[in-house]
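All remarks here apply to the structure that follows.
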Amino acid sequence: MTQDLLENLNDKQRLAVETDDGPILVLAGAGSGKTRVLTCKIARLMEQRKAKPWEILAVTFTNKAAGEMRKRVEEFAGMMVDGMWIGTFHSICARILRMEIDALGYQSNFSIYDTDDQIRQIQYVMDKLNLNAKQLRPRSVQHIISDNKNRMVSVDRYEQEAANFGDRQIASVYREYEDAMRRNNALDFDDLLLKTLDLFTRHDAVLRKYQSRFKYVLVDEYQDTNKAQYYIVKQIASTHRNICVVGDEDQSIYRWRGADIENILGFEKDYPEATVIRLEQNYRSTQNILDAANAVVANNKKRLGKNLWSHKDSGPKIQIHQLVDENAEALQVVDILKDQYVRNGHAYNDMAILYRTNAQSRALEDRLRRGNVPYTLVGGTKFYDRKEVKDVLAYLRILVNQQDAVALRRIVNYPSRGIGATSQERLETHAAEQGISLYEALQRAAEITTINAGTRAKMQNFAEALDAIVADVDKVSAYELAHLVIDRFRLKEQYQMSSAIEDETRLENINELLNSIAVFTEQARDDDVSLQRYLEDVSLLTDLDRWDPGFSAVTLMTLHSAKGLEFPVVIIAGMEEGLFPLFRSLEREDDLEEERRLFYVGMTRAEDALYLLWAGQRRRFTGDGSGMSYRNTASRFLAEIPSDFKNDRRLDSFASGYRPRQRQRFKERDAFTAAATAIDNEAGYKIGDWVQHDTFGRGQILGIEGSGVGLKLSILFGKKLKKIIAEYANLERLDK
DNA sequence: CAGACAAGGCTTTTT
DNA sequence: GCCTTGTCTG
């Protein structure tokens with residue numbers, strides 16, 4: 001099997017695949033087939049009987065990438081490969097810690113806190129320390145703590161180095177936060193890495209176990225690893241020294257969260273015997289796009305240097321459009337998409353719109369919706385961050401880990417059960433005085449004489465109701481537990497009673513959450529359908545992991561999220577000085593270079609066509625002045641593209657600037673109506689038709705896929721785009 | 001103690 | 001402009 005695969009590789013790729021032993025550094029340019037190399041390599045290791053599946057550790061950047069890698073390895077190897085560890089740093093560390101963390105004095109049912117949970121805990125600590133949330137914002141403290149953890153600065157060191165009053169204040173919050181996290185039996189994202197490292201450092205036997213187990217260690221996107229990740233990999237691989245890292249210093253875009261480019265630049269110093277392989281043939285983009293991207297990134301000083309080349313045609317030039325404002329920009333985007341759809345036959349999911357900041361999506365979404373272009377948004381408000389979803393998850397978390405005070409605080413009076421702020425405060429005080437958890441205090445509410453008898457009874461009722469479900473945690477599946485909790489605590493009720501559209505959406509989100517638990521229960525690979533495992537999976541999921549590239553819709557996402565992906569047509573919006581590069585990065589050369597690498601990443605996502613848009617005026621919500629419009633000049637990056645590769649269209653004058661808006665509107669309608677009616681189907685659904693759905697209400701059809709029983713409709717209900725199988729949905733046609 | 005209303009902050013990127 | 005947080009009233 002792998003023989004055929006090997007023959008399809010180029011010489012460099014084959015060398016990377018066939019070099020089995022010792023350290024390997026693969027410098028893989030954008031689109032050079034590194035995923036293919038990694039998957040072939042893993043399949044081959046097993047085929048050559050160099051390693052059993054469980055002796056391989058592969059680290060990827062997203063869970064989605066991990067899932068795809070596993071799928072492809074299984075295809076190549078022609079078998080299921082259970083027991084192989086593929087995942088992100090965070091998920092792999094969580095897995096190790098579940099088994100070993102008792103050595104560090106935690107329990108294996110620890111909670112994983114996301115940024116929101118962290119901020120709540122910090123807020124609580126600050127209240128306790130009587131710190132004013134206005135002078136010192138919990139959000140910035142969270143930032144500072146996370147930043148220090150990323151740089152592996154412990155509380156002790158931070159305390160010692162705190163030079164002024166402000167730093168000492170932060171140090172005291174940091175200290176209290178760490179103590180609280182331990183009491184809560186909770187770890188934040190950064191802790192997952194740090195505690196693993198801690199474990200390895202303090203417990204040699206544990207480290208040796210993993211060192212001998214993992215004969216082969218492979219790391220993707222190595223340029224974006226931080227110090228802690230670097231040490232984790234180094235420690236695990238130090239016995240067998242079969243470590244293969246793949247990366248591209250030109251695509252290092254996570255310095256701001258502690259990624260250390262030195263990790264990849266210094267690999268040869270760490271492993272002098274390393275084989276270094278450069279993959280420079282690009283299989284993705286046209287020569288024009290590549291030449292332009294090469295020219296842009298060549299302006300960076302800190303790089304190893306490489307030049308990508310391609311066998312593809314030169315392709316169309318990069319189209320640069322100047323627009324009047326963000327509105328005109330969005331209209332232009334719609335225009336381009338429709339043109340590519342109608343004229344070049346590109347499907348919606350062949351196209352992506354990328355931007356520097358999430359805030360830019362709003363204007364774009366607005367126009368896409370009005371232009372009847374189906375789209376999916378990655379990022380922004382994430383599904384698992386929604387209030388109603390977090391509420392249910394908090395209940396589930398407390399079932400698994402009763403020490404999780406952040407979860408308990410969230411649900412103790414939600415839905416309202418008459419346990420108000422004053423009573424909660426007394427409960428907290430009692431817990432602190434007795435040195436017991438908040439949950440325990442709740443169970444023993446009867447002893448808290450400061451709280452009035454009625455409220456004490458309510459507390460005890462609540463604790464007993466929770467206890468009853470906790471007793472079932474190990475006996476019942478995650479799905480059943482979720483149902484139990486939702487029924488017992490009536491978590492859907494308030495939304496069911498309301499007729500407000502946003503409450504319907506909330507209800508829908510709870511149902512979607514239940515659905516995701518059902519899917520988890522069915523698909524669990526290693527028979528672990530426990531609630532604990534589900535919660536772990538969920539807390540480490542990103543919005544990108546929920547993205548379905550096969551869904552017939554245009555993708556909107558940040559440039560950061562787009563790393564590792566590719567699209568035939570790419571539009572980058574907001575190419576303005578101050579926005580991209582972002583003004584905060586203009587002062588430091590290092591930051592500017594990172595912005596340039598980000599642009600490089602964006603450009604090299606495009607296979608065939610690349611559009612760069614900028615607006616002379618853009619409304620932005622900065623600190624003080626609300627909704628001010630700013631005048632912009634073109635991004636310096638546009639000028640860095642040699643003129644041979646671009647077609648730069650500027651507005652002639654201010655007066656002519658407004659005319660295209662009118663024209664575009666007409667063009668939009670004509671071109672699109674034609675396209676829309678062209679894709680008809682036997683059931684007679686047309687794009688643009690209005691339908692009524694039993695639960696979702698009124699919606700408009702934006703996309704049609706498949707036929708007959710498999711006919712799938714993408715329907716926009718309010719703000720929510722749903723993919724529905726026409727056969728099963730009881731759709732009613734509406735005239736308008 | 002809960003719900004309604006107003007003020008304030010926010011926007012760089014993510015595990 | 002929207003969402004979260006704080007304040008007021010019943």
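Throughout, protein chains are lettered first and strands after them, A, B, ... in sequence-line order, and every chain is numbered starting at 1. The shown structure was predicted, so the numbers you read here are calculated from the model rather than taken from an experiment.
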- More than 12 heavy atoms from other groups under 6.0 Å of NZ on A:Lys387: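 Check passes, neighbour count above 12.
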- Message: Taking B:dT11 as the reference, what is the distance to C:dG6 when you measure between their C1' atoms (whole Å, please)?
- Response: 22 Å
Selection from [options] that lies nearest to any side-chain heavy atom of [X]:
X: A:Ser416; options: C:dC2, B:dT15, B:dA2; value: B:dA2
X: A:Trp256; options: B:dT15, B:dT14, B:dC1; value: B:dT14
X: A:Arg139; options: B:dT13, B:dT11, B:dC10; value: B:dT11
X: A:Thr542; options: B:dT15, B:dC1, B:dT12; value: B:dT15
X: A:Thr558; options: B:dT12, B:dT14, B:dC1; value: B:dT14
X: A:Ser423; options: B:dT15, B:dG3, B:dC1; value: B:dC1

Look at all strands and tell whether [X] reaches a base, only sugar-phosphate, or nothing, counting heavy atoms closer than 4.0 Å.
X: A:Tyr254; value: sugar-phosphate
X: A:Thr115; value: base
X: A:Asp543; value: nothing
X: A:Asn413; value: sugar-phosphate

Before accepting this row, confirm whether a basic side-chain N of the pair [X]/[Y] lies closer than 4.0 Å to the acidic partner's carboxylate O.
X: A:Arg636; Y: A:Glu577; answer: yes
X: A:Lys128; Y: A:Glu428; answer: no
X: A:Asp220; Y: A:Lys34; answer: yes

Can you check the A:Tyr414 OH to B:dA2 P distance for me, whole Å?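 One finds 13 Å between P of B:dA2 and OH of A:Tyr414, rounded.
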Checklist entry - Does A:Leu194 have any side-chain contact (heavy atoms from CB on, under 4.5 Å) partners at least two apart in sequence or in another chain, and if so, which? => result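 Here the qualifying residues are A:Lys149, A:Met152, A:Ala228.
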For this session: Could you tell me whether the phosphate oxygens of B:dT15, OP1 or OP2, come under 4.0 Å of any side-chain nitrogen or oxygen in A:Asn226?
Result: no
> Does a side-chain N or O from A:Ser539 land closer than 4.0 Å to OP1 or OP2 of B:dT15, or not?
Replying inline: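 Looking at the OP1 and OP2 atoms of B:dT15, neither is under 4.0 Å from any side-chain N or O of A:Ser539.
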